[in-house]
Amino acid sequence: MLRAAAILPCALAATAPAAETAPALPESHSDLARAITDFLSRTELCLRSCTDAESVQAAMPKLRELAKEARNLSEAQKALPEPTVQDYLASQSLAVQFLHIWRTIRSHRDRLEKDGLMTDELRQILQAGLE
């Protein structure tokens, strides 16, 4: 899970309103694991709200903002030293939650494609981390 930041851009979603400040960048692998899980939770909430063309368009500013957050988390991860065994053990408590949220995000992505709600911009945002 500690190397999950590479997939973050494909998970993009809900953020706080623009007036709020972005979450602090993680300074440890444990902080990073919590930040990724929080990020994905907000992503899932945003994608869940995308039920028609209007709601997809309404969600785009949040998705764009989270794209920036995903890049910031990825850069913060690169700045951390290699994870230790203790880092891996500490992050394992979030692994089940992470996997559940990730699967739900993927089902939202599939639903958006199936329902014809996937715009080119949304597809680009969601696929960025898959390459």
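From a predicted model like this one, the values you see are computed outputs, not experimental measurements. For this chain, numbers begin at 1 and follow the sequence in order.
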Atom [atom1] of [X] and atom [atom2] of [Y]: how far apart are they, to the nearest 0.5 Å?
{"X": "Phe98", "Y": "Ser41", "atom1": "CZ", "atom2": "OG", "result": "10.5 Å"}
{"X": "Trp102", "Y": "Ile36", "atom1": "CH2", "atom2": "CD1", "result": "11.0 Å"}
{"X": "Leu45", "Y": "His108", "atom1": "CG", "atom2": "NE2", "result": "8.0 Å"}
{"X": "Asp110", "Y": "Asp115", "atom1": "CG", "atom2": "CG", "result": "10.5 Å"}
{"X": "Ile105", "Y": "Leu126", "atom1": "CD1", "atom2": "CG", "result": "9.0 Å"}
{"X": "Met60", "Y": "Cys46", "atom1": "CE", "atom2": "SG", "result": "9.0 Å"}

Handout entry: Closest contact, heavy atoms only, Leu122 versus Leu63
Key =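 Closest approach of Leu122 to Leu63, heavy atoms only: CD1-CD1, 3.4 Å.
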Practice task
Compare every heavy atom of Pro26 with every heavy atom of Leu80, then report the nearest pair and how far apart it is.
Solution key: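 It is CD2-O, 4.4 Å.
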Polar side-chain atom of [X] near backbone of [Y] as donor-acceptor pair, under 3.5 Å:
{"X": "Arg111", "Y": "Cys50", "result": "yes"}
{"X": "Asp87", "Y": "Thr84", "result": "yes"}
{"X": "Thr51", "Y": "Arg48", "result": "no"}
{"X": "His29", "Y": "Pro81", "result": "yes"}
{"X": "Ser74", "Y": "Arg71", "result": "no"}

Handout entry: salt_bridge(Glu113, Arg109) N-O dist < 4.0 Å
Key =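 A salt bridge is absent here (no side-chain N lies under 4.0 Å from a carboxylate O).
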Practice task
Could you list the residues that satisfy side chain to side chain donor-acceptor pair (under 3.5 Å) with Gln57, not counting sequence neighbours?
Solution key: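 Gln57 satisfies side chain to side chain donor-acceptor pair (under 3.5 Å) with no other residue.
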Practice task
For Ser55, enumerate each residue passing the side chain to side chain donor-acceptor pair (under 3.5 Å) test, keeping only those at least two apart in sequence or located in another chain.
Solution key: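 Ser55 satisfies side chain to side chain donor-acceptor pair (under 3.5 Å) with Asp52 once adjacent residues are dropped.
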Exercise for the section: Using a cut-off of 6.0 Å, state whether more than 12 heavy atoms not belonging to Glu27 lie near its atom CD. Expected result: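 Counting neighbours around CD of Glu27, 12 or fewer heavy atoms of other residues, nucleotides or ligands fall under 6.0 Å, so no.
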Handout entry: Name of the residue among Asp31, Thr37, Asp38 meeting side-chain contact (heavy atoms from CB on, under 4.5 Å) with Arg34
Key =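 Per the side-chain contact (heavy atoms from CB on, under 4.5 Å) rule, the option paired with Arg34 is Asp31, out of Asp31, Thr37, Asp38.
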Exercise for the section: For side chain to side chain contact (heavy atoms under 4.5 Å, CB included), just list the numbers for Arg42 and Glu69, CA-CA rounded to whole Å, side-chain angles, deciding distance to a tenth of an Å, and then say yes or no. Expected result: CA-CA 12 Å; Arg42 290 180 288 122; Glu69 184 180 338; 2.5 Å; yes
Practice task
For Lys78 and Glu75, run salt bridge (charged side-chain N to carboxylate O under 4.0 Å, His left out): C-alpha distance rounded to whole Å, both residues' side-chain angles, the deciding distance at 0.1 Å, then the answer.
Solution key: CA-CA 5 Å; Lys78 291 175 188 175; Glu75 290 302 314; 3.2 Å; yes
Handout entry: Leu89 reachable from Leu94 in the ILVMFWY side-chain graph, under 4.5 Å edges
Key =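 Different hydrophobic clusters.
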Practice task
With the side chain counted from C-beta on, respond yes when Thr104 and Ile101 share a heavy-atom pair under 4.5 Å apart, and no when they do not.
Solution key: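 No, their side chains stay 4.5 Å or more apart.
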Practice task
I would like to know whether His100 and Val96 meet side chain to side chain contact (heavy atoms under 4.5 Å, CB included); could you show each step before the answer?
Solution key: CA-CA 6 Å; His100 172 73; Val96 172; 5.6 Å; no
